[in-house]
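What follows is a single structure, written as structure tokens, with notes after it.
All ligand and atom numbering here is 1-based and tracks the order in the structure.
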Amino acid sequence: MMNQLIDKLKKDHRLTKEEYIALLKNRDPELSEYLFEKARNVREQYYGRDIYLRGLIEFTNYCKNDCYYCGIRRSNRNVSRYRLTKAQILACCREGYLLGFRTFVLQGGEDGHYNDTMIVDIIREIKSLYPDCALTLSIGERSYESYKAFYDAGADRYLLRHETADPIHYRRLHPSSLTLEARKQCLQGLKEIGYQVGSGFMVGAPGQTPESLAEDLLYLQELRPHMVGIGPFIPHHDTPFSAEPEGTTELTLFLLGLIRLMLPAVLLPATTAIGTIDPAGREKAILAGANVVMPNLSPKEVRDKYLLYDNKICTGDEAAECRHCIEGRMQLIGYQVVVDRGDSRALDQSST
Ligand code: 5AD
Ligand code: FES
């Protein structure tokens, strides 16, 4: 019965809200294994057993927002705040390039210190030094004009998780200054401008229900992003959600499998968060349909200051250590890290 819904998702790439809810409510280990096998199959059709790397550069932990789940929220006085200079960011890229990274992700809190002129300048410099690399921004909500200026300067991709597609759940996770509507508007603008767009959500966030997860899946079905980042919610001790339970590996993997069948060519990261709650989490994610890993390229001195949640892995490791660690881990499960920008196979038909 549930197996047929999985077959249907694989064939039609879409289900109804009720069907997603039924799958989520009735899942068991046997159904999950059935799903993961199909998801691996689809993933292999599109990407073989290649793993794409993204080098994450966490360049500022200042943030003007106050999301209840996030460790670097404005109200958290216990964070030691930092900003990387352009020279420091370029040094991260240089090291990353030598380690075989061909995508750099500039990620940060929503930090007004970096105005459009500064961001444009950094983008131009990185793209002129590394023309064979893709550049991804993950710096939150900005105006359409800013997004356009960054794209014109050479940024290729933008990551902005929608966090939850259920407006009531969105209110439970964010102060009133942030709205789901504004979030969706940003994502629409980014797509329109021509970015390869990444969205996503946390699994097991406080107040999440099978119904709200079904809304997330329907939203992804409609948005058709190039990448979908999902990972378990993990409490941070200095946030209003400090006493909330963390999300599970099991549900995260199930959702990864569903998303692979819904969007066969999607780029699906095995996130740091799943590697944090389960030592074999990233490997399990790959075996459930994921095909991307995003190791940290941030300078070692700032690693332990970019803590969105507790117990984050790799905060004591050099970029080279993570790079080689990932290579070994992927080899052990029969996959290989490749030196490639790792564009979505869905782009092959639609653009040059
Ligand atoms: N647990 C897990 N993921 C989190 N994020 C923020 N805080 C947490 C947390 N406590 C995720 C959000 C954000 C991304 C950068 O990290 O989904 O979009
Ligand atoms: Fe960082 Fe394994 S990925 S040490």
request  = Report yes or no: does R49 contribute a side-chain atom to a donor-acceptor pair with the main-chain N or O of Q336 at less than 3.5 Å?
outcome  = no
message = For T315 and D304, which I'm curious about, is there any donor-acceptor pair between the side chains at under 3.5 Å?
response = no
Taking the side chain as everything from C-beta on, heavy atoms only, tell me whether F59 gets closer than 4.5 Å to Y82.
no
Checking L15, L5, L255 against Y20 for side chain to side chain contact (heavy atoms under 4.5 Å, CB included), the one that qualifies is L15
Six-ring centre of Y34, K38 cation under 6.0 angstrom, axis tolerance 45°: yes
Nearest heavy-atom contact between R303 and A319 is NH2-N, 3.4 Å
Checklist entry - Cation-pi between R102 and Y97: NZ/CZ under 6.0 Å from ring centre and within 45° of the ring axis? => result yes
Under 4.0 Å from ligand 1, residues with heavy atoms, in chain and number order, are Y69, C70, R161, E163, M202, P232, F233, I234, L308, Y309
Next item on the list: Considering only NZ, NE, NH1 and NH2 on the basic side and carboxylate oxygens on the acidic side, decide whether R341 and D132 come within less than 4.0 Å.
Entry: no
Short version for R282: what comes under 4.0 Å of ligand 2, heavy atoms counted, is side chain
So the protein N/O/S atoms within less than 2.8 Å of atom 2 (Fe) of ligand 2 come down to C325 SG
Only residue of L190, L159, L160 satisfying side chain to side chain contact (heavy atoms under 4.5 Å, CB included) with V197 is L190
Exercise for review: Flag the pair H226 / L347 as yes when at least one side-chain heavy-atom distance between them is below 4.5 Å, and no otherwise.
Suggested key: yes
